Amino acid sequence: MAGYFESEGDCMAKWSVKDIPSQVGTVAVVTGANSGIGWNTALELAQAGGEVVMTARTAAKGQDAVERVRREVPQAKVRYEQLDLASLRSVREFAKRVSSGGRLDLLVNNAGVMRIPVRQETEDGFEMQMGTNFMGPFALTLLLMPALLKSDAPRVTTVSSGAADMGLKRIRFEDMQWKQGYKPWNAYCQSKLADLMLMTELGRRSEAAGKRVLSNAAHPGFARTNLQTSGVGRELTPVESFLMPFMSHDAAHGALPTLQAATDKNAAQGSYYAPEDFFHLKGDPVLIGLPKPARDGGAARRLWDAAEEMTGVRLVDTMLVTA
Ligand SMILES: NC(=O)c1ccc[n+]([C@@H]2O[C@H](COP(=O)([O-])OP(=O)(O)OC[C@H]3O[C@@H](n4cnc5c(N)ncnc54)[C@H](O)[C@@H]3O)[C@@H](O)[C@H]2O)c1
């Protein structure tokens with residue numbers, strides 16, 4: 001039975017971490033790798049033999065995350081790098097450090113924040129959810145393009161959310177940074193829709209430039225991570241805590257759609273993975289269709305052009321060709 005997005009994967013065999021192909025010889029960056037889905041993604045990529053750059057905002061959290069992976073996988077090739085997506089300066093510095101290391105095969109744009117109760121701004125004046133979840137990753141993806149294009153099979157996997165199909169279900173071009181009428185949930189939904197548009201438009205523009213970057217996305221479902229409490233600024237209510245086990249899965253399961261999108265050799269350009277249950281909240285990953293708002297190509301092109309303008313980072317510069 002299809003959920004709120006049309007499922008395309010019902011007839012496929014269940015996908016699990018055992019299906020992750022060897023990552024030996026590959027180099028990946030996972031953003032927000034100190035907790036939740038990002039940490040589990042980094043762990044499994046390292047377990048499969050990949051070299052993984054784990055980003056965090058602070059050295060204490062980043063080193064601790066690396067140590068926790070090494071305890072599970074003693075031979076893991078993991079290292080910490082500082083990255084704050086709410087700062088374009090930090091994004092530029094990180095991209096420079098990683099690019100100077102040479103080739104990058106996989107970028108997992110995972111880091112995110114949700115439902116910041118009172119409007120906040122990033123260092124560059126973007127609304128905090130739009131800035132952290134979309135503007136920062138947009139600039140990062142483009143700035144890492146020279147390293148990605150050194151790979152034979154460059155891939156960018158974007159961690160979006162079912163929230164992309166909730167809230168206003170559109171990009172608020174008239175006030176993308178919520179200077180008027182800030183609504184925490186709607187701002188999160190817009191940022192996650194923007195993530196899916198970044199994903200589709202990156203695939204389209206890279207192919208138009210004759211430099212194929214496999215760009216796809218994942219929705220983790222409802223995973224028990226810090227996300228539910230970090231943004232709202234409060235603990236879960238007793239009712240939320242009671243319902244959570246029935247509606248959600250753990251962070252390791254929540255990472256499976258991301259891991260399939262990031263590693264499955266059959267993954268197609270623009271593919272989107274989510275948990276299999278009716279509402280795509282929990283369970284094993286399946287391929288699903290993109291929600292309708294994310295299929296608006298005109299809006300995606302407009303958003304991309306606006307993001308280039310706002311971040312000052314252009315694909316044409318980082319790919320050195322006309323897209
Ligand atoms: N947990 C869920 O149910 C769920 C559902 C849908 C989508 N998602 C998405 O999954 C992704 C991972 O979230 P999670 O559930 O693991 O939550 P989490 O809070 O455990 O992880 C979020 C990560 O992002 C990092 N981060 C936050 N702000 C940052 C910044 N300014 N710069 C760099 N890193 C920053 C955090 O440090 C953390 O490592 C997010 O993009 C989220 O929107 C999660």
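What you see is a predicted model, and the numbers here were worked out from it, not measured in a lab. Just follow the structure's listing: the first ligand is 1, and inside any ligand the first atom is 1. Quick note: residue numbers are just sequence positions, from 1.
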Nearest protein heavy atom to atom 13 (O) of ligand 1, by residue and atom, and its distance? Leu227 CD1, 4.1 Å

Under 4.0 Å to a heavy atom of Val159 - the qualifying atoms of ligand 1, by number: 9 (C), 10 (O), 11 (C), 41 (O)

In Å and rounded to the nearest 0.5 Å, what is the CG to CG distance from Asn133 to Asn109? 10.5 Å

A student checking ligand 1 against Gly32 at a 4.0 Å heavy-atom cut-off should list atoms 23 (C), 24 (O), 25 (C), 39 (O)

Answer yes or no: does an N/O atom from Val113 fall short of 3.5 Å to an N/O atom of ligand 1? no

Main-chain N/O of Pro291 paired with Asp165 side-chain donor or acceptor, under 3.5 Å: no

When you check the side-chain N and O atoms of Ser160 and Asp195, is any donor under 3.5 Å from an acceptor? no

Output yes when Glu127 and Lys179 qualify as a salt bridge under the 4.0 Å nitrogen-oxygen rule, no when they do not. no

The atoms of ligand 1 lying under 4.0 Å from a heavy atom of Ala111, numbered in the order shown, are 24 (O), 25 (C), 26 (N), 34 (N), 35 (C), 41 (O)

Might you confirm whether atom CZ of Phe242 has over 12 heavy atoms from other residues, nucleotides or ligands at distances under 6.0 Å? no

For the pair Phe138 and Phe134, name the ring-plane relationship: parallel under 30°, tilted 30 to 60°, perpendicular over 60°. tilted

Atom CD of Glu309 with >12 non-hydrogen neighbours under 6.0 angstrom: no

Could you pull out, from Arg57, Lys192, Met128, the option with a heavy atom nearest to atom 36 (C) of ligand 1? Arg57

Test your reading of the structure: does Gly112 have an N or O sitting under 3.5 Å from an N or O of ligand 1? yes

Side-chain (Asp124) to main-chain (Leu88) donor-acceptor, under 3.5 angstrom: yes

Element-labelled atoms of ligand 1 that are located less than 4.0 Å from some non-hydrogen atom of Tyr188: 7 (C), 8 (N), 42 (C), 43 (O)

Does Thr132 approach ligand 1 within less than 4.0 angstrom via side chain, backbone, both or neither, non-hydrogen atoms only? side chain

Between Glu67 and Tyr80, do the side chains contain an N or O donor and an N or O acceptor separated by less than 3.5 Å? no

Less than 4.0 Å is my threshold; does some heavy atom of Gly254 fall inside it relative to ligand 1? no

With a 3.5 Å cut-off and no angle check, do the side chains of Arg212 and Ser206 form a donor-acceptor pair? no

Below 4.0 angstrom from a heavy atom of Gly36, which ligand 1 atoms are there? Numbered from 1 as shown, please. 16 (O), 20 (O)

Students should be able to answer this: which protein heavy-atom is nearest to atom 32 (N) of ligand 1, and at what distance? Leu85 N, 2.8 Å

Option set Ala86, Gly221, Ser161, criterion heavy-atom distance to atom 5 (C) of ligand 1, minimum: Gly221

Does some non-hydrogen atom of Ser160 fall short of 4.0 Å from ligand 1? yes

Criterion salt bridge (charged side-chain N to carboxylate O under 4.0 Å, His left out) against Glu81, the qualifying member of Lys96, Arg57, Arg97: Arg97

Any idea which protein heavy atom is nearest atom 11 (C) of ligand 1, and the distance to it? Asn110 O, 3.1 Å

If you scan protein heavy atoms around atom 31 (N) of ligand 1, the nearest is Asp84 OD1, 2.9 Å

With rounding to the nearest 0.5 Å, note down the distance linking CG in Leu143 to OG in Ser99. 7.5 Å

Could you see which bit of Ala56 sits under 4.0 Å from ligand 1, with heavy atoms only: side chain, backbone, both or neither? neither

Between Asp264 and Gln260, does any side-chain donor sit less than 3.5 Å from a side-chain acceptor? yes

Just need the protein heavy atom nearest to atom 14 (P) of ligand 1, so name the residue and atom and give the distance. Thr225 OG1, 3.4 Å

Could you find the nearest protein heavy atom to atom 1 (N) of ligand 1 and give me its residue, atom name and distance? Ala223 O, 3.1 Å

Atom 8 (N) of ligand 1: the protein heavy-atom neighbour that sits closest, reported with distance to 0.1 Å: Pro220 CG, 3.5 Å

Heavy atom of the protein closest to atom 33 (C) of ligand 1 (residue, atom name, distance): Leu83 O, 3.4 Å

If every non-hydrogen atom of Pro285 is compared with every non-hydrogen atom of Trp15, which pair is closest and at what distance? CD-O, 3.6 Å

If the cut-off is 4.0 Å to any non-hydrogen atom of Ser35, which atoms of ligand 1 fall inside it? 18 (P), 20 (O), 21 (O), 38 (C), 39 (O)

For Phe222, the ligand 1 atoms with a heavy-atom partner under 4.0 Å come out as 3 (O)

